[in-house]
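Written out below as structure tokens is the structure these notes cover.
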2 protein chains.
Amino acid sequence: MAARLDRTDLKILRLLQNNGRLSNADLAETVAISPATCHRRTQRLFEDGFIAAVRAMVAPKKVAKGTLVMVGVVLDRSTPESFAIFEQAIAKLKFVLDCHLVAGDFDYFLKIRVGDMEDFNRIHGEQLIALPGVRQTRTFFVMKEVVDNAPLEF
Amino acid sequence: MAARLDRTDLKILRLLQNNGRLSNADLAETVAISPATCHRRTQRLFEDGFIAAVRAMVAPKKVAKGTLVMVGVVLDRSTPESFAIFEQAIAKLKFVLDCHLVAGDFDYFLKIRVGDMEDFNRIHGEQLIALPGVRQTRTFFVMKEVVDNAPLEF
DNA sequence: CCATTCATGGAAGTTTCTTTCATGGCTGCC
DNA sequence: GGCAGCCATGAAAGAAACTTCCATGAATGG
């Protein structure tokens, strides 16, 4: 799967992960290949899906999304239909950053960003517990973001 | 805080969040301003910290990090020193994508990426439960990633 | 050993970047 | 109302980077 990546490809991936706006010229110089080759390599990494996207990481606090909340969700029934309906509904909620089906005491774990606690209380009451099939939610307010969305090591 | 952002700035932020490699020329055309102005706007967004970084999102499955695990952690003692030591130690573990201090039944929530369950079991035994002050961990294997690291809405 | 395939770097035309500069709008103070 | 200062804007131009084409050489397979 990753077998087709040589040392140069890995370098490019890591550099672009740290700085997605690196110019092809700089990239080429850093990995010690010609700009033409570097361009082709990078293009291939995109085409083959190694790089899913390049994203500007907007600072949450700067856009009034400084409050992070983790929510555990338990559904009424553990049927495939129940899961599918829930997942379909959650995909429309733009404040949900993560939604993962897990094994354990919960069915789903959510990671949510809002402006403040008041924001969350409104959203919780109006949108979360109103999701189809939700029996129970458990809210974990994040008091300190020690590590948030660290770059992938590979 | 976000008061200094006008409609054009917000457009630029959203466009760069969706595609961090958009050229300044394309960006300028889309938001209907001149390339020169667009360049200055974008530069300011970086300088003022609205864009913390631009990152290539590497596909986890493509680099043998396809297994996602959420872990709840409880420490022996809930003292500031205990927390500080734990956080210092966790920052060195590169497979930890998120680490958040939360209010509730756990002290910390971790989001971890590994190659497979076997990988995780080794890491759990050798590194997680060995972290300073850890009393208990609860592991939630992710069976399906419904939404992972969605772009921020603002 | 030969033929094929593939990745590579140089070169060149095109595009883009980035700075400079003059213009015009806005604000605040007479 | 009028004026001065400040700031953002777009045009322009030189510099830099992108992207494609091409010939070369290494690696693979028969």
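Just so you know, these numbers come straight off a predicted model, no measurement behind them. The chains referred to below are lettered A, B, ... by the order of the sequence lines, with proteins before strands, and numbering in each begins at 1.
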Taking the six-membered ring of A/Phe154, is the NZ or CZ of B/Arg113 close enough (under 6.0 Å from the centre) and on axis enough (within 45°)? no
Starting from P on C/dG10, measure out to CD1 on A/Ile33 and report it in whole angstrom. 12 Å
Under the ring pair (Phe, Tyr, Trp, His ring centres under 6.0 Å) criterion, do A/Phe141 and A/Phe120 qualify, and how do the steps go? CA-CA 10 Å; A/Phe141 277 104; A/Phe120 178 77; 5.4 Å; yes
Comparing nearest nucleotides in DNA chain C, the 5'-proximal residue of the pair A/Arg21, A/Pro35 is A/Pro35
So if you build clusters from Ile, Leu, Val, Met, Phe, Trp, Tyr with side-chain heavy-atom gaps below 4.5 Å, do B/Val54 and B/Val31 land together? yes
If you compare all heavy atoms of B/Asp105 against all heavy atoms of A/Phe140, which two are closest, and at what distance to 0.1 Å? N-CE2, 3.7 Å
With a cut-off of less than 4.0 Å, is there a side-chain N or O of B/Arg41 near OP1 or OP2 of D/dT9? yes
Determine whether B/Val58 and B/Leu68 fall in the same hydrophobic cluster, where Ile, Leu, Val, Met, Phe, Trp and Tyr are linked whenever their side-chain heavy atoms lie under 4.5 Å apart. no
State whether A/Thr37 places a side-chain N or O below 4.0 Å from either non-bridging phosphate oxygen (OP1 or OP2) of C/dA7. no
Please report, rounded to the nearest Å, how far the P atom of D/dC21 is from the CZ atom of A/Arg40. 11 Å
Can you check the A/Asp6 CG to D/dA27 P distance for me, whole Å? 14 Å
How large an angle, rounded to 10°, do the end axes of the helix from C/dC1-D/dG30 to C/dC30-D/dG1 enclose when each is built from five base pairs? 40°
Mind checking the CD1-CZ spacing from B/Ile51 to A/Arg55? Nearest 0.5 Å is all I need. 13.5 Å
Here's a test of your reading of the structure: between A/Ala36 and A/Asp26, which maps to the more 5' nucleotide of DNA chain D? A/Asp26
Just the rounded figure in Å: distance from C1' of C/dC6 to CG of A/Asp9. 14 Å
Starting at CD of B/Gln43 and ending at P of C/dT18, how long is that distance when rounded to a whole Å? 8 Å
Is the shortest side-chain heavy-atom distance between A/Tyr108 and A/Ile90 below 4.5 Å? no
Report the nucleotide, chosen from C/dT18, D/dT19, D/dG10, that has the shortest atom-to-atom distance to any side-chain atom of A/Asn24. D/dT19
Distance check: side-chain N/O of B/His39 vs OP1/OP2 of C/dC17, anything under 4.0 Å? no
Round to a whole Å and report the spacing from CZ of A/Arg44 to C1' of C/dC6. 11 Å
